[in-house]
Amino acid sequence: MDLRVFENMDEAALRRYLEFLLWHYRVVDAFWFLLVEEAYGRPTAEKLNEQVWDKAAELGGRRMAREFELPGEGLARFAHALELWPWAVLAGYEIEQTPQGLFVSVPHCPPQEARTKRGMGEYDCREMHRLEFERFAREIDPAIQVECLFAPPDPHPEGLFCRWRFTLEV
């Protein structure tokens, strides 16, 4: 990777570039899904999405654990890692740690909101996120267990697309 282009950028320019990268990350994710759905149907797009995010979460979690200082252990360490996960930034994950576990709520889901706005309906993302969260969590702490409380295609309250609970295996 050639990072020389960033050497003379000030903090404001680097921040704008980071915002661009996250926006572009979301655009690429959206269009590959939409084009696969158009060519091969939604079930195939959903299945491929599961496979992509399973592998992306494994590699991303492994690299994050290696490259970033993640204070704490167990669920606290996982919460720090999750705050750095691109989709947490893009969707504004709400992360809450309680005695019953770590809860992640997703009040804004850019892909689902875009589909709804265009009259396309929500796609089934529960299994994709389950695989993503399990694989990512395993790289941070193998004892973390993932439970989906609800996610599309499940019914969900307005303003909350999905909710997940993470606990430590005892």
Side-chain angles (χ1 to χ4, degrees), residues 1-33 48-114 125-152 156 159-169:
M1 210 177 313
D2 183 358
L3 302 177
R4 289 177 291 174
V5 69
F6 303 112
E7 289 175 4
N8 295 320
M9 280 190 189
D10 63 16
E11 186 176 333
L14 286 170
R15 183 175 298 275
R16 282 193 313 276
Y17 192 78
L18 178 59
E19 289 172 5
F20 163 77
L21 281 179
L22 288 169
W23 170 83
H24 196 258
Y25 177 89
R26 190 176 91 194
V27 167
V28 169
D29 179 65
F31 277 103
W32 93 258
F33 185 93
L48 290 172
N49 208 30
E50 292 166 11
Q51 294 171 2
V52 165
W53 283 102
D54 182 43
K55 192 62 175 176
E58 174 190 16
L59 297 175
R62 184 175 305 147
R63 180 131 187 207
M64 188 175 291
R66 189 176 64 234
E67 299 284 334
F68 294 93
E69 187 169 323
L70 302 172
E73 56 186 31
L75 294 176
R77 178 176 160 84
F78 178 66
H80 288 293
L82 200 53
E83 288 172 345
L84 295 171
W85 191 237
W87 275 109
V89 176
L90 288 167
Y93 287 3
E94 294 175 354
I95 302 170
E96 174 189 14
Q97 193 154 7
T98 74
Q100 290 75 41
L102 180 81
F103 291 86
V104 172
S105 300
V106 182
H108 299 286
C109 181
Q112 299 291 26
E113 289 173 340
C125 63
R126 182 187 332 115
E127 183 63 9
M128 179 269 296
H129 282 302
R130 185 190 64 76
L131 291 167
E132 174 194 10
F133 284 140
E134 281 182 355
R135 192 66 81 130
F136 183 73
R138 187 178 310 140
E139 294 298 326
I140 306 303
D141 185 328
I144 295 174
Q145 301 295 304
V146 178
E147 176 187 5
C148 178
L149 301 177
F150 60 85
H156 55 85
L160 190 59
F161 283 88
C162 60
R163 186 162 165 86
W164 299 82
R165 183 169 79 132
F166 301 85
T167 55
L168 285 177
E169 185 178 58

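The residues of the chain are indexed from 1 along the displayed sequence.
- Between the CD atom of Glu134 and the CG atom of Asp54 there is a distance of 8.5 Å, given to the nearest 0.5 Å.
- Between Leu160 and Phe150, some side-chain heavy-atom pair lies under the 4.5 Å cut-off.
- Between the CD1 atom of Ile95 and the CG atom of Leu82 there is a distance of 4.0 Å, given to the nearest 0.5 Å.
- The line from CG of Leu14 to CZ of Phe6 is 7.5 Å long, rounded to the nearest 0.5 Å.
- Inter-residue side-chain proximity for Asp141 and Leu168 is flagged as met; some heavy-atom pair is nearer than 4.5 Å.
- Applying the side-chain hydrogen bond (donor to acceptor under 3.5 Å, both in side chains) test to residues at least two apart or on different chains, the pairs with a partner in residues 84-113 are Trp85-Glu132, Thr98-Gln100, Ser105-Arg163, His108-Glu113.
- To the nearest 0.5 Å, atoms CZ (Arg135) and CZ (Arg62) are separated by 8.5 Å.
- With sequence neighbours excluded, the residues that form a side chain to side chain donor-acceptor pair (under 3.5 Å) with Glu147 are Arg165.
- Taking each heavy atom of Leu22 and Leu90 in turn, the nearest pair found is O-CD2, 3.6 Å.
- Side chains of Leu84 and Phe68 form a contact here, defined as non-hydrogen atoms less than 4.5 Å apart.
- Ring-centre distance between Phe103 and Trp164: not below the 6.0 Å cut-off.
- For CZ of Arg66, the number of neighbouring non-hydrogen atoms (other residues, nucleotides, ligands) closer than 6.0 Å is greater than 12.
- Among residues two or more places apart in sequence or in another chain, the side chain to side chain donor-acceptor pair (under 3.5 Å) test is passed with Arg126 by Asp154.
- Heavy-atom minimum distance, Glu58 versus Glu139: O-CG, 3.4 Å.
- The environment of Phe31 atom CZ is sparse: at most 12 non-hydrogen atoms of other residues, nucleotides or ligands sit within 6.0 angstrom.
- In this view, Asn8 satisfies the side chain to side chain donor-acceptor pair (under 3.5 Å) rule with no residue, not counting sequence neighbours.
- In this view, Glu11 and Arg15 satisfy the salt bridge (charged side-chain N to carboxylate O under 4.0 Å, His left out) rule, not counting sequence neighbours.
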For this session: Report the C-alpha distance between Leu48 and Phe33 in whole Å, list the side-chain angles of each, state the deciding distance to 0.1 Å, and finish with yes or no for side chain to side chain contact (heavy atoms under 4.5 Å, CB included).
Result: CA-CA 9 Å; Leu48 290 172; Phe33 185 93; over 6 Å; no
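- Nearest heavy atoms, Gly92 versus Pro107: O-CD, 3.7 Å.
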For this session: Determine, step by step, whether Thr167 and Ile144 satisfy the side chain to side chain contact (heavy atoms under 4.5 Å, CB included) criterion, reporting the C-alpha distance in whole Å, the side-chain angles of both residues, the deciding distance to 0.1 Å, and the verdict.
Result: CA-CA 6 Å; Thr167 55; Ile144 295 174; over 6 Å; no
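- Phe133 and Phe136 have their aromatic ring centers separated by at least 6.0 angstrom.
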Exercise. Can Glu19 and Arg16 be said to form a salt bridge (charged side-chain N to carboxylate O under 4.0 Å, His left out), step by step?
Worked result: CA-CA 5 Å; Glu19 289 172 5; Arg16 282 193 313 276; over 6 Å; no
N/O donor-acceptor pairs under 3.5 Å from side chains in residues 69-80, not counting sequence neighbours:
from: Arg77; atom 1: NH1; to: Leu70; atom 2: O; distance (Å): 3.2

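- Between Glu127 atom CD and Glu50 atom CD the span is 5.0 Å, to the nearest 0.5 Å.
- Across every non-hydrogen atom of Ala81 and Ile140, the tightest pair is CB-CD1, 3.7 Å.
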